[in-house]
Peer 1: 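Take a look at the following structure, please.
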Amino acid sequence: MAKLDTSEIEHRLMQKWAQEGTYQFEAGRPREETFSIDTPPPTVSGSLHVGHVFSYTQTDLMARYARMQGKNVFYPMGWDDNGLPTERRVQNKLRIRCEPHLPYDPAFTPDPDPKRKDVTPVSRRNFIELCHAVTEEDEQAFEDLWTRLGLSVDWDQTYTTIDDRCRRLSQLAFLQLADKGEVYSSHAPSMWDIDFRTAVAQAELEDREVKGVQHRLRFGIEGSDSDPEGTLTVMTTRPELLPACVAVIVHPEDDRYASFIGRQAITPIFGTSVPVMSHPLADPEKGTGAVMVCTFGDTTDVTWWQELGLETRVILGRDGRLLPIAWGETGWASTNVARAQAGYDAIAGKTSKQAKVTIVELLRDSANAVDGSDRAPLEGEPVETIQQVKFFEKGERPLEIIPTRQWFIRLLDKKEQLVEQGRKINWRPEFMRSRYEHWVEGLKLDWCVSRQRYFGVPVPVWYPLDANAEPMLDQPIFADQATLPVDPMSEPPAGLESHQRDQPGGFTADPDVFDTWATSSLTPQIATGWPDNPDKHASTYPLDMRPQAHEIIRTWAFYTIARAYMIDGQIPWENAVISGWVLDPDRKKMSKSKGNVVTPIGLLEQYGSDAVRYWAAKARLGMDTAYDESVFRVGRRLVTKLYNAGKLVIGRLEAVDLAYDQVDSAQITNELDRSFLAGLDAVIVRATDLMANYETAAALETIESWFWSHFTDNYLELSKNRAYAGDPSALATWALSLSAVLRLFAPTLPFICEEIWGWYFAGSVSDDGAKPAGNSIHRCAWPTSEELQTATENASPDVFEIAVETIGQIRRLKSERAISIREEIPAMEVAADKAILGQLSAVIDDVVNAGAINSVKLTPSSEPASAGTLLEVSFP
RNA sequence: GCUCGAGUAGCUCAGUUGGCUAGAGCGCUGCCCUUACAAGGCAGAUGUCGGGGGUUCGAGUCCCUCCUCGAGCACCA
C-alpha cells in the first residue's frame, strides 16, 4: 500500500492477467453459458485514435460484466489489414507503387526516405510482402495499446483479415454463393474511382458539395435546318461528355417538347444523330426540361440507357482521361466527320476537368455548329451552381461511371428478407434500427465485390482462353473448395498446368481481389470457427453482441447480416450495440484527416487507464460525446478515492487480523450498518438491471454517486469510530461493502479494483456461491442482494438517510460558523417528528461521534421541519 | 425533399411509465490540514428546461406547430 502509482499497477496487472489467462475463453462450455462478441477488427492503417479507445472500452464493460455474471466470455480481436487503407499507407510510408507487370525481386528493400520525391515501382508480390511486414508492426502496437487500456480480450482468439484462414473463408463463402447462383459477373457501368483505379460499391459512396457550372447547349433537329424554331436546348454541367451523348430525354407530358419526341437531334460540334425520347424521370422543372443522356454522366443516365435501350459511346478511360476515338466510316458516325474529329482531338487525352474547359471554348467559338445554320450552340451565359457529387469515401476526385467487368453478390432480390432479419436484432439504441432499414430499402445496386487492387483476398477464379488467347469470360473456372486459399495469379486451376497460363487454349487468372467488406462481413464466421470447428461455432454463434459505430451500419452491419442470411438464414448476433463518435470541442468528428486527434497512449500515461475508461463509460451508448479532458480528471479522482478508501477499510481489517473468510454477516446488528447495507442493496439491484440492458453509463452513474455520497462521505465517517474501536458489526460491514463496491466498479476500473482486491480479498475467500472465488476480481461474481441478505433483513435505507441528514446539518452549522468539523460542540438539539426521532435515536451515537457533539437533545415537534428536510438541527 | 437524433446552470451532461421545491460533475465563492485521502473534505450561489399553442388537478416529460444544430437517405440536367 504505497503511494498510488497507476502506471506501475497497470504494467504489473497486465502481466498478471496474461500469465494467469484471466480472460481466456473456455472451449467446450455450452452456448447458454457463453457470452460472445463480434469485435470490430480495427483498420490497421497506422494509429488508433481516442475514438477507438472510447468505443472499445464500452464493449469491454459489457464483456467484463458478462464474465462476472458467470458467463464464459468469447471476446476475440481481429485486425482488418487487407484493402486500400493498407495499400495507401504502405505506398506513402515506403515510397513505393505496385506495378503488376514487373517481375518479383527477392532482394528488394524499400527506401522510405520521406524527402525522396520519386516513387519506386515494385512487383505485385513485392508489394504484398511489404504490406504484410508493415501491418505486422502496426498490429503489435495496437495489441499493446489494447492491453494497456485493459481490454479483457482473449489474445488466443485473434485473426487478421489477410491471414490464411480469412482468405480461405472469404473465398469459400464466395464459392458457396457461386454454387447457389448468388454471384454473377457482368460487364456493366460501375462506379469507378479514377485515382485508385478500382470499382467501388454503393455503400462506399458519399455525396460532397462541389461548385459546378451549368451550360445550355443547343442541339439541331434533323430535317428542320431552315426552321428557326427547329432546335432543342439542354442544360448540362458536364459539356465534356457531349461526344458521349446518346439521346435527349423529355418528360412525356411536357407540351413544349411533344412535337420533338421520336425525331433525331444533332449534337453540336460532333454532329451525332441522337433520338429524342420521353421518360417520366425527366423533370420539366429542371433546366430546360430536356436532358442529354451520355454514357455515362450519372446514375440516371444508366437508368435511361438500360430502360430505353440506348447506344453505348464511352469516352472516359479508367484513368479518367478521354480515350482516343476515331470518327468516320470505320469509327463513330457524324454528319461532319472532319469537324467531329478535329473537335474531339482537341480534348482526347485530357482529364474530364481539362476537357470541360476546352469544349466550352470550342462551343463558344463555333459560330455555326449545326450544319448549314448560324445558330450558336451555346445559349446564354453559364450559371454557377452547387451540386452534390458522388465520391468514393476515401477518394479525392469525383467518381465516374465506367463500364467494366465486375463480380456481384445478389442483394436486390433479398431486400425484404434483409429488413426482416434486421427486425430480429436488438438495436441499441433502438433508433439505430431505422438507419439500417432505410439503407436496405434504398439499395439500388447489387454488391460489387471485386476490386482492381492487390493487397486483398484474390477472387478464386480463372477463365479459359480460346484459340486466340481471348478469355472466355462467360465460362469462369471456380477454384476447388478443398484447395483454398488460392492465388489464381500464381497457381493454375485444377487439371491445368502453369505453362498453359496466358497461352492460347490455356487459362488466365482473374486479376482482381475482393472488397475488404467481402471478408470483414464474415467476422462472425471467422471468429467462431465456421466451418472447421463445429463445436466452437455451435457454442458461440449467433453471437450475443456486435459493437460498432453508426457510420458503418450501411457497410459492416448490413453486409454481415446479408452474409449470415445467405450462409445459414440466421441473424449473426442478437444485439447490435452502436457507439457514438468522439467530437472535438468544436463538435466536429475527431478524425485523423482533420488533424485534431489526441494520441491515446499519451492519455493513458497522463491520467491512467482507469480514468480514461471512466470517461468512455460515462458516455451514453450511441450518443456523440465531446472530448473533454476534465472528465479524465474526474475519473482519476475516483480512482484515488477508491485507493484511499480501500486503504482505510483494509488497514482496519488487517489491524484486527480479520480475514475475509472470517467475516460473519450475522454480526451486523447495528442499525446504521444494516440500513446502510440496505441502501447498497438497492444500488446493486438498480445497477444490475441497467447493465443487463446495456445501459452502462447509467449503471456507473448510480454506483458512483452512491459511492461518494453514501460510502465515503458519510458511511465511513459515521462508522469510523466504531471500526477503530473494533466493533464487529462495523468491521463486517466494512468488509462486505468494500467487496461489493470493488466488484461494482471492476468492469469500469479494472486496474485499481484488482489492485485493492489483491490486498485483502483475493485468495482468502471461500467458494460458497455469493462470495467471490479465485485470484482475480475479474473472475468473481457480480454483487447480488443475496450476499447481503443476512444483514439487511427488515432493514430500511431510511435510517441511514436520517443520519446523513443530521450530520449534514451539523456540518453546515459548523461551516457557517467557520469552525473545524473536529471542534467540539457542547450541546445539540434535533427537532423532528416523533417517528423520525425514533429512527434517529437508534443511530445517534455514530452521529454525535462523527460530529464531535458532546450532548444531544431530541425534541419532538408536531410542526413539519423547514421545507425539504425531515428534521432541524440547532446548537443552542 | 424524406427520416432519425439533439436543444435542460458559464461548460459537459443526467432526468425511467407525467407527480413534492428540476439534478450531477467541472468551473466559481467561502470555510476546514478531521488519525484513508490537500491530487482532500465541508458548505454555498447559479435555470424563460429552444419558442408558441394544446391535453391534464399537475408537463422538462404527452400531443400539435415552428426555430436551431447534427446525422442518415434520396434528388442532383
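Values below: every heavy atom of this structure, side chains too, minus hydrogens, waters and symmetry copies. Letters A, B, ... are given to chains in the order of the sequence lines, protein chains preceding strands, and every chain is numbered from 1.
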Peer 1: Counting any heavy atom closer than 4.0 Å, what does A/Ser705 reach on the DNA or RNA strands: base, sugar-phosphate only, or nothing?
Peer 2: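 The residue A/Ser705 makes no contact with any strand.
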Peer 1: Please work out if A/Leu281 contacts a base, only the sugar-phosphate, or nothing of the nucleic acid, heavy-atom cut-off 4.0 Å.
Peer 2: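 Contact class for A/Leu281: base.
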Peer 1: A/Asp713 near the nucleic acid: base, sugar-phosphate alone, or nothing, with a heavy-atom cut-off under 4.0 Å?
Peer 2: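 Sugar-phosphate, backbone atoms only, no base.
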Peer 1: Within the 4.0 Å heavy-atom criterion, would you say A/Trp708 contacts the bases, only the backbone, or no part of the nucleic acid?
Peer 2: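 Sugar-phosphate, no base atom in range.
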Peer 1: Looking at B/G72, B/U34, B/C76, which one has an atom nearest to any side-chain atom of A/Lys286?
Peer 2: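 In terms of side-chain proximity for A/Lys286, the closest of B/G72, B/U34, B/C76 is B/C76.
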Peer 1: With no hydrogens and no angle check, just 3.5 Å: does a side-chain donor-acceptor pair link A/Asp628 and A/Ser630?
Peer 2: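 Per modelled atom types, A/Asp628 and A/Ser630 side chains form a pair under 3.5 Å.
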Peer 1: Once you apply a heavy-atom cut-off of 4.0 Å, does A/Lys390 come out as touching a base, just sugar-phosphate, or nothing?
Peer 2: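 The answer is base, as A/Lys390 lies within the cut-off (heavy atoms under 4.0 Å) of a base atom.
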Peer 1: Could you tell me the separation between the OH atom of A/Tyr660 and the CG atom of A/Leu653, rounded to the nearest 0.5 Å?
Peer 2: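 So the gap between those two atoms works out to 10.0 Å.
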Peer 1: Kindly point out which of B/U12, B/G25, B/U35 is positioned nearest to the side chain of A/Arg637?
Peer 2: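 Of the candidates, B/G25 comes closest.
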Peer 1: For a quick check of understanding: with a heavy-atom distance under 4.0 Å over all strands, which category does A/Lys720 fall into, base, sugar-phosphate or nothing?
Peer 2: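 Base contact.
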Peer 1: Would A/Trp759 and A/Glu654 count as having a side-chain donor-acceptor pair, cut-off 3.5 Å?
Peer 2: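 Per modelled atom types, A/Trp759 and A/Glu654 side chains form no pair under 3.5 Å.
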Peer 1: Ring centroid separation for A/Tyr607 and A/Trp615, is it under 6.0 angstrom?
Peer 2: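 Not under 6.0 Å, so no.
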Peer 1: Base, sugar-phosphate, or nothing for A/Glu823, non-hydrogen atoms under 4.0 angstrom?
Peer 2: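 Counting heavy atoms under 4.0 Å across all strands, no contact is made by A/Glu823.
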Peer 1: Hey, does A/Gln202 reach any base, or is it just sugar-phosphate, or nothing, if we go heavy atoms under 4.0 Å?
Peer 2: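 The answer is sugar-phosphate, as A/Gln202 gets under 4.0 Å only of primed atoms, P, OP1 or OP2.
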Peer 1: Distance check, C1' atoms only: B/U29 and B/U65, in whole angstrom units.
Peer 2: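 Taking atom C1' in both B/U29 and B/U65, they lie 43 Å apart.
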Peer 1: Nearest to the A/Trp439 side chain among B/G5, B/C76, B/C73, which nucleotide is it?
Peer 2: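 Of the candidates, B/C73 comes closest.
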Peer 1: Would you say A/Arg811 reaches B/G41's phosphate, i.e. side-chain N/O to OP1/OP2 under 4.0 Å?
Peer 2: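 For B/G41, OP1/OP2 do not have a side-chain N/O of A/Arg811 under 4.0 Å.
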Peer 1: With heavy atoms under 4.0 Å as the rule, sort A/Arg620 into base, sugar-phosphate or nothing.
Peer 2: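 Contact class for A/Arg620: sugar-phosphate only.
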Peer 1: Is the shortest side-chain N/O distance from A/Thr300 to OP1 or OP2 of B/C76 below 4.0 Å?
Peer 2: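 True: A/Thr300 side-chain N/O within range (under 4.0 Å) of B/C76 OP1/OP2.
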Peer 1: Classify the nucleic acid contact of A/Asp298 as base, sugar-phosphate or nothing, counting any heavy atom under 4.0 Å across all strands shown.
Peer 2: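 Counting heavy atoms under 4.0 Å across all strands, the contact made by A/Asp298 is with sugar-phosphate only.
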Peer 1: Which part of the nucleic acid, if any, lies within reach of A/Arg554 when heavy atoms closer than 4.0 Å are counted: base, sugar-phosphate only, or nothing?
Peer 2: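 Sugar-phosphate: the residue A/Arg554, judged by heavy atoms under 4.0 Å, touches backbone atoms but no base.
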Peer 1: For B/A39, does OP1 or OP2 lie under 4.0 Å from any side-chain N or O of A/Arg633?
Peer 2: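 Looking at the OP1 and OP2 atoms of B/A39, neither is under 4.0 Å from any side-chain N or O of A/Arg633.
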Peer 1: Go through A/Phe707 and A/Phe745 one step at a time and tell me if the ring pair (Phe, Tyr, Trp, His ring centres under 6.0 Å) criterion holds.
Peer 2: CA-CA 10 Å; A/Phe707 171 74; A/Phe745 278 121; 5.3 Å; yes
Peer 1: State yes or no: are the ring centers of A/Tyr715 and A/Trp706 separated by less than 6.0 Å?
Peer 2: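 No: the rings miss the under 6.0 Å criterion.
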Peer 1: Taking NZ, NE, NH1 and NH2 as the nitrogens, is one of them in A/Glu240 or A/Lys353 under 4.0 Å from a carboxylate oxygen of the other?
Peer 2: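 Salt bridge absent between A/Glu240 and A/Lys353.
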Peer 1: Counting any heavy atom closer than 4.0 Å, what does A/Ala282 reach on the DNA or RNA strands: base, sugar-phosphate only, or nothing?
Peer 2: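 Counting heavy atoms under 4.0 Å across all strands, the contact made by A/Ala282 includes a base.
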Peer 1: Between B/G51 and B/G60, how far apart are the P atoms? Round to whole Å, please.
Peer 2: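 To the nearest whole Å, 11 Å.
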Peer 1: Report which part of the nucleic acid A/Val634 touches: base, sugar-phosphate, or nothing (heavy-atom distance under 4.0 Å, all strands).
Peer 2: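 It contacts sugar-phosphate atoms only.
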Peer 1: Can a side-chain donor-acceptor contact be found between A/Glu10 and A/Ser609 if the only test is distance below 3.5 angstrom?
Peer 2: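 Indeed, the side chains of A/Ser609 and A/Glu10 share at least one donor-acceptor pair under 3.5 Å.
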Peer 1: Does OP1 or OP2 of B/A77 have a side-chain N or O of A/Gln387 closer than 4.0 Å?
Peer 2: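 So the side-chain polar atoms of A/Gln387 do come within 4.0 Å of the phosphate oxygens OP1 or OP2 of B/A77, strictly under.
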Peer 1: According to a strict under-4.0 Å criterion, is A/Lys814 in side-chain N/O contact with OP1 or OP2 of B/G30?
Peer 2: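 No.
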Peer 1: Of all the choices, B/G40, B/A77, B/C32, which nucleotide is nearest to the side chain of A/Lys641 once you look at every atom?
Peer 2: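 Selected nucleotide (nearest to the side chain): B/G40.
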Peer 1: Dot-bracket for RNA chain B, 5' to 3', counting Watson-Crick or G-U wobble pairs under 3.5 Å, with [ ] for crossing pairs and | for inter-strand pairs?
Peer 2: (((((((..((((.....[...)))).(((((.......))))).....(((((..]....))))))))))))....
Peer 1: Closest to the A/Phe431 side chain: B/G5, B/A77, B/C13?
Peer 2: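 Selected nucleotide: B/G5.
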Peer 1: Could you check which of B/C37, B/A77, B/U12 has an atom nearest any side-chain atom of A/Glu717?
Peer 2: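 Ranking B/C37, B/A77, B/U12 by closest atom to the A/Glu717 side chain puts B/C37 first.
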Peer 1: Is it true that a side-chain atom of A/Glu824 and a backbone atom of A/Asn854 form a donor plus acceptor pair closer than 3.5 Å?
Peer 2: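 Absent.
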